[in-house]
4 protein chains.
Amino acid sequence: MFIELELQSDRPIFAQIAQQIVEGIASGELNPGDAMPSVRSLASDLGINLHTVNKAYQVLKQDGFLQVHRKKGVVVQPGEMPGVTEAFIDKLHRQLRSVASEAVVRGMSESEFVAASLAVYRGDLMYKGDNLE
Amino acid sequence: MFIELELQSDRPIFAQIAQQIVEGIASGELNPGDAMPSVRSLASDLGINLHTVNKAYQVLKQDGFLQVHRKKGVVVQPGEMPGVTEAFIDKLHRQLRSVASEAVVRGMSESEFVAASLAVYRGDLMYKGDNLE
Amino acid sequence: MFIELELQSDRPIFAQIAQQIVEGIASGELNPGDAMPSVRSLASDLGINLHTVNKAYQVLKQDGFLQVHRKKGVVVQPGEMPGVTEAFIDKLHRQLRSVASEAVVRGMSESEFVAASLAVYRGDLMYKGDNLE
Amino acid sequence: MFIELELQSDRPIFAQIAQQIVEGIASGELNPGDAMPSVRSLASDLGINLHTVNKAYQVLKQDGFLQVHRKKGVVVQPGEMPGVTEAFIDKLHRQLRSVASEAVVRGMSESEFVAASLAVYRGDLMYKGDNLE
DNA sequence: GTGGTCTAGACCACC
DNA sequence: GTGGTCTAGACCACG
């Protein structure tokens, strides 16, 4: 699991970590039940504070993507992943809307926009697709 | 031009204003050359601080969506709107990626995701569509 | 709003704070829309670190009892309080079960146990009851 | 005696064990004088550490629910079970209060709350009730 | 060793 | 002024 941080981004570090873990799950690089590195080791690997890693884990635990297991530490949700909840739909629409309106104003066509969405969606399945041969 | 703020959102108010102005342009509710309300009046209408409105305008001016006109004050870009720059493509991909990976993990199908993107893109053209008919 | 901490309790400080705020809402001492003290001021009042107070606020925000308002800081949920969710029922049963089984073994009768539950439930409405005259 | 652990619960394993033993006594599944499985065998059955089971036994011995018997090893308190001490009343009230106040805020009615308490109390007597008929 | 909690002190964006 | 984030370093319960 490789995580690359942009320390000087406007996006919080913990959010970057959380997102890349989700991407890892989406791509099949991380599988249900897999053990995550301990907060300490990941923090040390990334050269950041353990609390920052911990916050990322907490956020994902809260959303149901990770679980804290008493014996194995933090693991990727071994049971059922959270589904397409109403809250997620809301979030999805809000984020899409913010980016779509700018695309419209900048003159990006409908097909270009949809093509970009599709490409990105498929990109997240890259690894998994490779694994499935 | 109606702007609705969510004071308890995690999204900064100035960003909410900026986005809704872009949406207004996308939908055709705001047209090139239109005069924007003065910082003071908009701030007063929204019941917020002058600085907040000003920051929203600054951001949009910076991106080329607004212009400062000698007599009319702040106006919607009367000339050519900023196009699909490489920077925008990057931003688009980054934002899509963040939401797409979560969609994948939550089990949202490719077609559902693309349909959502399309719906949102078209939603931004709602007003314009109405006007065109 | 008075909060009393047991610094040497096994119960985390942040949890004590969170619970006493909920009790304050239950009793009517805190009403929807009321502004909570800032993390800094409450922390200073209680003689603890601001992060500890912050965590209590975060937990309550997560559960929907508090909201973070961009202008007023942290406020008591002004809209609808979270209802009797399935998750709460689960939590309720788990906690009741833990205490009820011990009550049974210690020979506390059914009526004594129910009476205690009732008394405690009503106790939480003490202030509110007083206010309603 | 069946003990089921939730490894990903926030509740310590030793506490889960201790509670389920108390529940076993409450339900009549475990009777005064009954021999408890040895620390080693129980630990092995549950697939956990010796120390963890030991700690559960220590806690229960401390409270008077278990006793160390010269020959039989650890047994369920053969004499008089601990009664309704003042310390227990305190604990009972503290725990009930924490859950009752949240119930009040969430709009759970007095009768619903009392009904839940009663149901849980009786639930702990399920087995015993079955045996008595 | 793990995660959970707490402290202390700092910088930041926002309003 | 507010809350949000990050760092550094510490202690604890748990397994």
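Reminder, nothing fancy here: chain letters follow the sequence lines and each chain counts from 1. Quick note: numbers below take in every heavy atom, side chains included, and nothing from hydrogens, waters or symmetry partners.
Neither side chain, Ser41(A) nor Ser44(A), offers a donor N or O lying under 3.5 Å from an acceptor on the other.
Taking the nucleotide of DNA chain F with the nearest heavy atom to each of Val74(C) and Leu7(A), the more 5' of the two is matched to Val74(C). Mapping Thr52(C) and Ile13(B) onto DNA chain E via the closest heavy atom, the residue that lands nearer the 5' end is Thr52(C). Nearest-nucleotide positions on DNA chain F for Leu50(C) and Lys71(A) put Leu50(C) closer to the 5' end. Comparing Ser38(A) and Ala15(B) by the nucleotide of DNA chain E that holds the closest heavy atom to each, the one mapping nearer the 5' end is Ser38(A).
Nucleic acid contact for Phe14(C): sugar-phosphate only, since backbone atoms but no base atoms lie under 4.0 Å from a heavy atom of the residue. Heavy atoms of Lys72(C) sit nowhere under 4.0 angstrom from any nucleic acid atom. Across all strands, Ile48(A) comes closer than 4.0 Å only to sugar-phosphate atoms, never to a base (heavy-atom distances). Note on Gln58(C): only backbone sugar-phosphate atoms sit closer than 4.0 angstrom, heavy atoms only; bases stay farther off.
Between the CZ atom of Phe14(A) and the CD atom of Gln58(A) there is a distance of 11.5 Å, given to the nearest 0.5 Å.
Rounded to an integer number of Å, the gap from CD of Gln8(D) to C1' of dC14(F) is 16 Å. Between Leu46(D) atom CG and dG15(F) atom C1' there is a gap of 14 Å when expressed in whole angstrom units.
Interface limits on DNA chain E: the 5'-most and 3'-most nucleotides within less than 4.0 Å of chain A heavy atoms are dT2(E) to dC6(E).
The residues Glu6(B) and Arg70(C) are annotated as not salt-bridged, no charged nitrogen and carboxylate oxygen being separated by less than 4.0 angstrom. A salt bridge is defined here as a Lys NZ or Arg NE, NH1 or NH2 lying under 4.0 Å from an Asp or Glu carboxylate O, and Glu23(B) with Arg97(A) meets this definition.
Across every non-hydrogen atom of Phe2(A) and Glu29(A), the tightest pair is N-OE2, 4.0 Å. Here the closest non-hydrogen pair linking Met36(B) and Ile21(B) is CE-CD1, 3.7 Å. For the pair Gln20(A) and Ile3(A), the tightest heavy-atom approach, listed with the atom from each and the gap, is OE1-CA, 3.4 Å.
For Gln16(A) (side chain) and Arg11(A) (main-chain N/O), a donor-acceptor pair under 3.5 Å exists by modelled atom type.
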task: Map every base of DNA chain F to its dot-bracket character, where paired means a Watson-Crick or G-U wobble contact with both distances under 3.5 Å and | marks a partner outside the strand.
output: ||||||||||||||.

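Close to dG15(F), at under 4.0 Å from its OP1 or OP2, lies a side-chain N or O of Arg70(A).
In this structure the side chain of Leu96(C) reaches within 4.5 angstrom of the side chain of Leu96(D), judged on heavy atoms.
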